[in-house]
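Report on the following structure.
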Number of protein chains: 2
Amino acid sequence: MAPKAVSTQSKAQRVTMAAVGKLAGVSQVTVSRALSNPSVVSPETLQRIEKAIEQTGFVPNALAGALASNKSRLISVLVPSINNTTYAAMVQAFAEQLRHQGYQLLLSETGHTPEEEEALIKTHLSRRPDAVMLTGVDHTPSARKSLESAAIPVAELWDLSDDPIGFCVGFDHTAAGRTVADFALAHGHRNAAVIYADDERAHRRKAAFSQRFTQGSGASVADIALAGPATIGGGRSAFAELLAQGFGRGVIFCSSDVLAHGVLIEAQAQALSIPQDFSVIGFGDQAFAKDLFPALTTVRVDREQLGRLAATELLARLNGVTGGGKRHDLGFELIERASTQSKKGERDVASL
Amino acid sequence: MAPKAVSTQSKAQRVTMAAVGKLAGVSQVTVSRALSNPSVVSPETLQRIEKAIEQTGFVPNALAGALASNKSRLISVLVPSINNTTYAAMVQAFAEQLRHQGYQLLLSETGHTPEEEEALIKTHLSRRPDAVMLTGVDHTPSARKSLESAAIPVAELWDLSDDPIGFCVGFDHTAAGRTVADFALAHGHRNAAVIYADDERAHRRKAAFSQRFTQGSGASVADIALAGPATIGGGRSAFAELLAQGFGRGVIFCSSDVLAHGVLIEAQAQALSIPQDFSVIGFGDQAFAKDLFPALTTVRVDREQLGRLAATELLARLNGVTGGGKRHDLGFELIERASTQSKKGERDVASL
DNA sequence: CTGTTAGCGCGTTCAA
DNA sequence: TTGAACGCGCTAACAG
């Protein structure tokens with residue numbers, strides 16, 4: 001039986017507004033109005049139209065509508081990865097706000113380089129989204145130009161910039177790194193290490209932490225970079241490596257809660273005590289951070305709020321409100337829990 | 001300063017194929033061809049067109065293209081939640097396959113009821129996607145009718161059905177529950193409990209487990225249902241509750257690895273030994289399962305393969321290949337690790 | 001309250 | 001290899 005490849009391409013769905021109108025005894029425009037602005041159509045015709053829609057199973061063609069009105073009700077979302085609760089929780093909150101206003105998401109993963117992102121931005125713009133949401137503030141000049149000439153609202157998330165394309169919603173990663181360093185120093189630590197996933201923003205936090213910690217303690221800070229996404233396994237192996245390198249007694253700052261979680265597990269497996277032997281600090285305050293044992297000291301960043309605020313700001317601009325702020329600093333908060341020792345005093349004396 | 005609300009709505013991007021054509025000294029159609037089928041355009045004109053595109057910053061209008069060609073290159077994706085690695089990893093693999101063929105995702109969260117899903121399906125269909133991916137095989141009759149009359153490929157994931165709308169890719173949840181029960185029985189357990197998130201498929205696995213375990217052991221199976229998504233905190237509190245109820249020594253089957261993870265943590269916090277005091281079994285074999293301490297015994301389901309296969313099957317249908325299977329059983333595999341005791345023999349004797 | 005007329009920016013014929 | 005004409009299905013004016 002020879003395979004009958006290449007076939008129909010049928011794709012029925014032939015019902016148009018004109019067809020519905022004919023059945024209801026009105027013109028196509030009236031059907032359009034019945035759907036978009038029912039109050040301006042007489043109750044009787046409205047009823048006939050609704051009946052006709054029911055009978056035919058009519059589904060409006062939003063493509064044609066978008067072309068005619070120059071409004072697609074589509075929002076482009078570009079995130080490094082969807083399989084990462086950091087971004088997923090933010091996108092979820094973002095989408096929730098927009099869904100109520102009839103917007104839907106065109107979503108793509110960008111990977112982690114501006115170059116990969118550039119091509120995707122152009123593809124997305126060809127769909128004529130009403131607005132765009134990007135991750136980070138680092139984009140190629142060409143991508144930036146495309147976005148600017150599209151003349152639609154653009155949100156950049158997770159970071160701050162003095163010159164955003166549209167507006168940005170995020171926080172200061174350098175300040176976050178410093179804050180953690182100050183916390184560690186204030187708790188008497190004189191020995192520290194950083195485990196981080198190789199992400200530009202994480203790298204900036206790590207650099208700020210290390211600089212400040214060294215400045216305050218005189219000690220250099222060991223660090224281990226992990227390729228790829230942050231995983232529990234990655235955190236475990238990085239901590240194991242740190243121990244193998246002779247790192248002893250001190251504080252470990254991880255670029256994400258997931259990595260810190262891995263450190264906790266590796267410590268348990270090696271029968272080390274947290275926080276007696278090592279203090280561990282995460283980043284993000286993901287839902288599980290408070291439920292770990294010991295509960296994780298971390299830096300809280302409100303991912304949902306990030307998504308919600310970006311959505312609200314976009315909606316305002318879509319509704320013609322001008323003059324919204326270009327820079328929204330949501331800040332962060334260090335949450336002290338059981339994975340770091342609370343009392344002060346000299347520590348890490350037996351270090352190395 | 002009175003706010004200047006309601007403004008321009010400009011949305012420039014006025015460059016069309018006609019404009020590019022004029023600049024290049026050719027007609028609009030030739031530009032269209034230069035983009036979609038360059039080989040039929042002479043090298044010189046092609047060059048002039050490319051230059052004109054460069055100069056103008058032309059971005060094709062995919063909306064108009066879709067309307068004219070009746071092909072949107074859009075794939076609708078409806079998942080219960082995006083902030084859940086179970087679905088996120090699957091969507092990621094799914095999108096990756098389709099991206100290479102020039103398709104993009106229109107993504108929405110459905111929540112967990114067929115009714116919520118129904119409205120979204122209709123909204124999505126109005127965008128004229130070339131195909132649709134749904135989660136589960138349980139949909140309202142009305143939604144089913146809409147999808148059928150759309151006459152496009154439809155994939156249903158994570159479950160099996162004898163009468164799918166288009167085709168389904170999943171596994172037998174009842175068989176999975178039974179397999180876990182048989183495993184527990186074979187390892188000598190005579191006391192069991194289930195902790196599960198209130199999801200229809202998880203419920204089916206739980207029911208199958210309980211029935212088979214009771215049948216094999218004569219003992220009834222305690223269970224705790226958790227509202228909302230599976231979380232570590234939920235797993236912890238459920239296990240704590242189980243202990244408070246007097247559940248002692250036995251096996252605990254969790255409807256997801258995340259819940260099982262919570263059980264492990266609660267056990268650690270209460271200084272209980274896994275697997276000496278309790279055997280714990282998860283579901284999903286998520287990346288972290290092997291990295292827990294103790295490593296988690298679980299049921300592997302290949303989420304990436306699920307997404308990939310669905311994408312491949314959809315692509316085949318989009319390319320006109322007929323007769324693909326309507327039911328793809330990807331199966332599952334019980335992965336035995338350290339969270340369950342390996343040797344056989346009577347257990348749980350001190351139970352309750 | 002309803003209809004008429006014009007596009008929106010492309011792909012798809014068909015002719016040249 | 002190129003172009004003219006047409007239409008995809010809808011919204012946006014403007015009449016009536």
Side-chain angles (χ1 to χ4, degrees), chain A residues 9-49 52-53 56-74 102 125-130 150, chain B residues 9-49 52-53 56-74 102 125-130 150:
Chain A
Q9 291 286 59
S10 64
K11 233 179 158 189
Q13 202 72 48
R14 286 259 140 271
V15 187
T16 68
M17 282 188 178
V20 172
K22 191 183 305 185
L23 190 62
V26 295
S27 75
Q28 173 261 321
V29 248
T30 306
V31 178
S32 173
R33 277 192 280 255
L35 258 34
S36 60
N37 194 6
S39 66
V40 70
V41 175
S42 87
E44 302 84 54
T45 36
L46 203 54
Q47 220 165 22
R48 293 209 313 279
I49 290 173
I53 289 178
T56 55
F58 170 68
V59 176
N61 186 329
L63 250 31
L67 182 60
S69 68
N70 200 28
K71 286 186 203 109
S72 64
R73 300 237 138 211
L74 233 40
L125 287 179
S126 78
R127 304 249 181 219
R128 297 298 187 267
D130 288 342
Chain B
Q9 292 285 58
S10 64
K11 231 175 157 192
Q13 200 73 46
R14 285 261 140 270
V15 187
T16 67
M17 282 188 177
V20 172
K22 191 184 305 184
L23 190 62
V26 296
S27 75
Q28 172 259 319
V29 249
T30 306
V31 178
S32 173
R33 278 193 279 254
L35 258 35
S36 60
N37 195 6
S39 65
V40 339
V41 175
S42 84
E44 302 86 53
T45 37
L46 202 54
Q47 220 164 22
R48 295 208 312 280
I49 290 174
I53 289 179
T56 55
F58 169 68
V59 177
N61 186 327
L63 250 31
L67 182 60
S69 67
N70 199 28
K71 284 186 206 111
S72 65
R73 300 237 138 210
L74 232 40
L125 287 179
S126 79
R127 304 252 181 216
R128 297 296 187 269
D130 288 342

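These numbers come from a predicted model, not from an experiment. Naming convention: chains lettered A, B, ... in sequence-line order (proteins, then strands); numbering from 1 in each chain. Computation of the quantities below employed the complete heavy-atom set of this structure, encompassing side-chain atoms and omitting hydrogens, waters and symmetry-equivalent molecules.
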* Considering all heavy atoms, the nearest B/L67-A/L67 contact -> CD2-CD2, 3.5 Å
Show me the protein contacts with nucleotides 3-7 of chain D, counting only N or O atoms at under 3.5 Å.
from: D/dG3; atom 1: OP2; to: B/S27; atom 2: N; distance (Å): 3.0
from: D/dG3; atom 1: OP2; to: B/S27; atom 2: OG; distance (Å): 3.1
from: D/dG3; atom 1: OP2; to: B/T30; atom 2: OG1; distance (Å): 2.4
from: D/dG3; atom 1: N7; to: B/R33; atom 2: NH2; distance (Å): 2.6
from: D/dG3; atom 1: O6; to: B/R33; atom 2: NH1; distance (Å): 3.3

* State which residues pass side chain to side chain contact (heavy atoms under 4.5 Å, CB included) with A/L46; sequence neighbours excluded, sorted by chain then number. => A/A34, A/P38, A/V41, A/E50
* **Terminal axes of the helix from C/dC1-D/dG16 to C/dA16-D/dT1 (five pairs each): angle between them, nearest 10 degrees** => 30°
* Structure fact -> Sorted by chain and number, sequence neighbours left out, side chain to side chain contact (heavy atoms under 4.5 Å, CB included) with B/R48 holds for B/A24, B/V26, B/T45
* Structure fact -> In numerical order, the residues of residues 35-43 of chain B whose heavy atoms come under 4.0 Å of DNA chain D are B/V40, B/V41, B/S42
* Structure fact -> The side chain to side chain contact (heavy atoms under 4.5 Å, CB included) partners of A/S27 (sequence neighbours excluded) come to A/V29, A/T30
* B/R48 CZ to D/dT2 P: how many Å, rounded? -> 8 Å
* **Partner set under side chain to side chain contact (heavy atoms under 4.5 Å, CB included) for A/L63, not counting sequence neighbours** => A/N61, B/L63, B/A66, B/S72, B/R128
* Between C1' of C/dC10 and CZ of B/R128, the distance in whole Å -> 17 Å
* To do: Round to a whole Å and report the spacing from CZ of A/R127 to P of C/dG9.
  => 17 Å
* Closest to the A/T16 side chain, choosing from D/dC10, C/dC8, C/dC10 -> D/dC10
* Give the rounded distance in Å between these two atoms: CG of A/N61 and P of C/dC8. => 18 Å
* To do: State which of C/dC8, D/dC10, D/dT11 makes the closest approach to the side chain of A/S32.
  => D/dT11
* To do: Find which nucleotide of DNA chain D each of B/A64 and A/S69 is nearest to by heavy atoms, and output the residue with the more 5' nucleotide.
  => B/A64
* Structure fact -> Here the distance between atom P of D/dT2 and atom CE of B/M17, to the nearest Å, is 15 Å
